[in-house]
Amino acid sequence: MVDNPFLAAGMIEDPRLFVGRKDELNAIASRMKGDQPTSINIVGDKHIGKSSLLYYFLRTWEQRVLQNTNRYVVIYLALRGVDCQTETGFYEAVAEGLLSHVPGWQQRNLQNPWKTKPLNRQAFSDAVKEWKQQGKLPVLCLDDFESLLRYPDKFDNGFYDNLRSLMDSNALMLVVASRKQLDVYANEHHFGSSFFNLGHTIYLQELTTDEAIELSRLPSRSINGAALSVDEQNCVQQWGDRHPYKLQLAGYYLWKARQQGKPIKWAKQQFKQQLTKAKSASKGQRWQLWLRWLFWDLPVRLGKIPKFIGVTVGDIGNWITGLVMLLLPVLVLAGVLHWNEVWDFVRDKLGIK
């Protein structure tokens, strides 16, 4: 069977199958140039193409920068990977990625700064600064930024402050992909680091009409010309409505229907079913986040109230105390407890006699 040029899910890795986003790609490249590179936050909903954009930029940045390409070392790093669940793991993943993109004749001088073990925050900072002295600018395309937020004890304000310091000294450039703007996450997770106010934000929207048409005409790898007929291309454009994921999904099932000798009606049914599954999965994830906030984040924050009067307890103790405080009014309204009993409990926890 001939390869399907449409990708129903995941990141587009073959640059021949990437469509559009010229303005966004040129904007990233333009902010690499000059003596003061500007870090960028790529913001967009799930399935809008953030990962594909970063990876395509990795593969094609030299065509946009053109001059002084030896100055830059560009890498793509998916932060959802197991290697990036600790600060040291993140630094080691960055070091491995950078060195894998350095020409062999330059590796000896550029490898030495990264040999410090363990590769902690100070060692990472020193290595990046050493690269700057050697005329190299690391450009890190960081995908799935939300993954770092799952480990606030590993990636704290100090971690982000250090990255910001390296960015401010023009020794490091970041292109960070996230679903929300970084300053929104700073407010949600109570980070005070100036890292979350990146220099420039690019909002990734749906494709233009011309880009959607171009995507519907993707070529097959094994035959000349478009992979789909004109009627099938029209279906892709109608079903996909300029959204990258929907366009790819429509093309995927129309191509599959043709290969299996099935009608367009079958392809449309499969398209709708898969779209419904994706929406259901997204709703399930939102419910999980909401439940985590209600039964973990909120109780922990409530439980930290005793710290303001000098009481020190661990997060588990904070969680238990906060959860009880959250449930007490409910028990009163249900008639299980009286307000006097609630007041006695609060006074006891606060140490009020």
Side-chain angles (χ1 to χ4, degrees), residues 1-25 28 42-61 76-81 141-144 146-147 175 177-179 202 204-260 262 264 266-282 285:
M1 184 181 292
V2 181
D3 290 338
N4 193 330
F6 299 94
L7 192 66
M11 181 174 69
I12 299 171
E13 297 186 11
D14 188 341
R16 295 172 297 177
L17 303 180
F18 185 89
V19 170
R21 307 299 193 194
K22 289 183 174 63
D23 290 342
E24 291 87 350
L25 291 162
I28 299 172
I42 307 291
V43 179
D45 294 333
K46 186 176 182 181
H47 293 316
I48 202 67
K50 299 185 297 297
S51 299
S52 297
L53 174 71
L54 292 188
Y55 193 78
Y56 186 74
F57 181 75
L58 169 72
R59 300 289 298 272
T60 62
W61 67 269
Y76 168 88
L77 188 60
L79 298 179
R80 63 182 173 272
C141 297
L142 304 180
D143 199 8
D144 296 301
E146 291 81 2
S147 299
V175 184
S178 59
R179 296 185 192 176
I202 295 177
L204 216 56
Q205 309 288 350
E206 294 180 341
L207 299 176
T208 65
T209 300
D210 288 342
E211 289 171 343
I213 293 173
E214 184 182 352
L215 194 154
S216 71
R217 296 173 178 172
L218 281 181
S220 168
R221 299 177 186 178
S222 304
I223 60 175
N224 295 323
L228 300 177
S229 68
V230 173
D231 287 342
E232 291 166 340
Q233 292 171 29
N234 290 333
C235 288
V236 169
Q237 296 163 35
Q238 292 171 11
W239 302 355
D241 196 26
R242 297 195 295 115
H243 191 284
Y245 173 68
K246 293 179 184 178
L247 290 164
Q248 292 279 0
L249 194 66
Y252 177 85
Y253 282 112
L254 284 163
W255 171 262
K256 195 171 182 181
R258 169 188 280 199
Q259 294 298 305
Q260 296 180 5
K262 294 181 178 180
I264 288 180
W266 175 88
K268 189 170 186 178
Q269 183 181 27
Q270 297 298 314
F271 168 79
K272 289 184 174 180
Q273 287 179 355
Q274 191 61 37
L275 209 57
T276 301
K277 287 181 182 178
K279 290 179 179 178
S280 298
S282 180
Q285 290 175 351

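Side-chain contact check for L249 versus F6: every heavy-atom pair is 4.5 Å or farther apart. With a 4.5 Å cut-off on side-chain heavy atoms, Q205 and I48 do not count as touching. Between L207 and R21 the shortest side-chain heavy-atom distance falls below 4.5 Å. V43 is not listed as a side-chain neighbour of L204, based on a closest heavy-atom distance of 4.5 Å or more. For the pair S216 and L228, the minimum side-chain heavy-atom distance is 4.5 Å or more.
Atom OH of residue Y252 and atom CG of residue L218 lie 14.5 Å apart, to the nearest 0.5 angstrom. For the atom pair L247 CG and E206 CD, the distance stands at 8.5 Å (nearest 0.5 Å). Separation of atoms CD (Q248) and CG (L215) is listed at 4.5 Å; rounding is to 0.5 Å. Between atom CD of residue Q259 and atom CG of residue L254 there is a gap of 12.0 Å, rounded to the nearest 0.5 Å. The distance from the CD1 atom of I28 to the CG atom of D23 is 11.5 Å, given to the nearest 0.5 Å. Residue Y253 holds its OH atom at 15.5 Å from NZ of K268, rounded to the nearest 0.5 Å.
A salt bridge links E232 to R258: at least one charged side-chain nitrogen sits closer than 4.0 Å to a carboxylate oxygen.
In this structure, E214 contributes its side chain and E211 its backbone to no donor-acceptor pair below 3.5 Å. Of the possible donor and acceptor atoms, none in the side chain of D241 sits under 3.5 Å from a partner among the backbone N and O of H243.
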Without placing hydrogens or testing angles, list every side-chain donor-acceptor pair under 3.5 Å for residues 49-61, not counting sequence neighbours.
unit_1: K50; atom_1: NZ; unit_2: G44; atom_2: O; d: 3.0
unit_1: K50; atom_1: NZ; unit_2: D45; atom_2: O; d: 3.0
unit_1: S51; atom_1: OG; unit_2: D143; atom_2: OD1; d: 3.3
unit_1: S51; atom_1: OG; unit_2: D143; atom_2: OD2; d: 2.3
unit_1: S52; atom_1: OG; unit_2: I12; atom_2: N; d: 3.0
unit_1: R59; atom_1: NH1; unit_2: E13; atom_2: O; d: 3.2
unit_1: T60; atom_1: OG1; unit_2: Y56; atom_2: O; d: 2.8
unit_1: T60; atom_1: OG1; unit_2: R64; atom_2: NH1; d: 2.8

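Using bins of under 30°, 30° to 60° and over 60° for the plane-to-plane angle, the ring pair Y245/H47 lands in the parallel bin.
Within the 6.0 Å centre-distance limit, the rings of F271 and W239 are counted as a close aromatic pair.
Taking all atoms of both residues into account, the shortest heavy-atom contact from I264 to C235 is CG2-SG, 4.1 Å.
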